[in-house]
Amino acid sequence: MKIKKVGVIGTGTMGEGVARTCIQYGYDTLLRSRSRERLDQVLRSIRGSLERAVARGRMKEAEKEAALGHLKGVTALEDFLRRLGVPGG
């Protein structure tokens with residue numbers, strides 16, 4: 001079975017790390033948080049982490065942009081399930 005999309009529920013330390021790793025490996029990743037404020041904070045944090053990797057020469061700008069292109073975020077659970085193609089979502 002080939003992984004097509006990754007869904008991450010939760011924007012704590014672990015959720016943020018899982019999402020960042022998945023996008024760096026090219027997986028379309030959907031991150032879900034109950035709070036829009038927290039979701040935006042984590043999306044900024046992930047962007048900042050990748051920008052630091054570019055600044056330190058660990059990643060190229062194009063790789064950063066490609067990774068960020070794989071990341072989306074939602075707050076509604078129904079939207080999360082629907083976008084992942086989960087039956088009943």
Side-chain angles (χ1 to χ4, degrees):
M1 173 186 277
K2 184 177 184 217
I3 297 171
K4 296 178 184 175
K5 295 179 185 176
V6 175
V8 179
I9 296 179
T11 50
T13 302
M14 184 176 278
E16 180 178 344
V18 168
R20 183 175 49 246
T21 300
C22 289
I23 66 170
Q24 285 181 276
Y25 281 92
Y27 292 105
D28 288 336
T29 302
L30 186 61
L31 184 58
R32 193 260 172 170
S33 178
R34 291 180 293 194
S35 158
R36 170 52 61 185
E37 182 179 288
R38 177 66 182 151
L39 179 61
D40 290 343
Q41 179 184 14
V42 169
L43 294 175
R44 283 191 306 271
S45 177
I46 291 172
R47 175 178 287 281
S49 175
L50 297 179
E51 287 172 352
R52 285 188 298 281
V54 170
R56 293 177 179 149
R58 295 183 188 158
M59 175 183 276
K60 295 179 179 170
E61 181 70 26
E63 293 171 323
K64 177 195 88 172
E65 291 302 322
L68 290 171
H70 290 289
L71 182 62
K72 302 285 185 271
V74 297
T75 55
L77 182 59
E78 298 79 13
D79 192 24
F80 178 81
L81 297 173
R82 182 184 51 76
R83 288 185 184 204
L84 290 174
V86 175

Closest non-hydrogen atoms of C22 and V6, given as atom of the first, atom of the second and distance, are SG-CG1, 3.8 Å
Are more than 12 heavy atoms, taken from residues, nucleotides or ligands other than E37, located less than 6.0 Å from that residue's CD atom? no
Neighbour count >12 (heavy atoms, 6.0 Å) for atom CZ, R34: no
Please check this pair: side chain of R38 against backbone of T11, looking for a donor-acceptor N/O pair closer than 3.5 Å. yes
Under a 4.0 Å N-O cut-off, is there an ion pair linking D40 with R36? yes
Among R83, H70, K72, exactly one meets side-chain hydrogen bond (donor to acceptor under 3.5 Å, both in side chains) together with D28. Which residue is that? H70
Find out if a path of hydrophobic residues (ILVMFWY) with successive side-chain heavy-atom gaps under 4.5 Å connects I23 to L84. no
Cluster overlap I9 with V86, hydrophobic side-chain contacts below 4.5 Å: yes
Between CG of L30 and CZ of R82, what distance do you get to the nearest 0.5 Å? 9.5 Å
Just to verify, what does T21 make a side chain to side chain contact (heavy atoms under 4.5 Å, CB included) with, not counting sequence neighbours? Y25
Kindly work out whether a path of hydrophobic side-chain contacts (I/L/V/M/F/W/Y, heavy atoms less than 4.5 Å apart) joins L81 to L31. no
L43 side, atom CG; E16 side, atom CD - distance, nearest 0.5 Å: 9.0 Å
Could you state whether Y27 and V74 fall into the same hydrophobic cluster, counting links through intermediate Ile, Leu, Val, Met, Phe, Trp or Tyr residues with side-chain heavy atoms under 4.5 angstrom apart? no
According to a 4.5 Å side-chain heavy-atom criterion applied to Ile, Leu, Val, Met, Phe, Trp and Tyr, with indirect links allowed, do V42 and M14 form part of one hydrophobic cluster? yes
Which residues pass the side chain to side chain contact (heavy atoms under 4.5 Å, CB included) test with R47, not counting sequence neighbours? E51, K64, E65, L68
Drop me the distance from L50's CG to R52's CZ, to the nearest 0.5 angstrom. 9.0 Å
With side chain to side chain contact (heavy atoms under 4.5 Å, CB included) as the criterion, how do R32 and L77 come out once you've worked through the C-alpha distance, each side chain's angles and the decisive distance to 0.1 Å? CA-CA 7 Å; R32 193 260 172 170; L77 182 59; 3.9 Å; yes
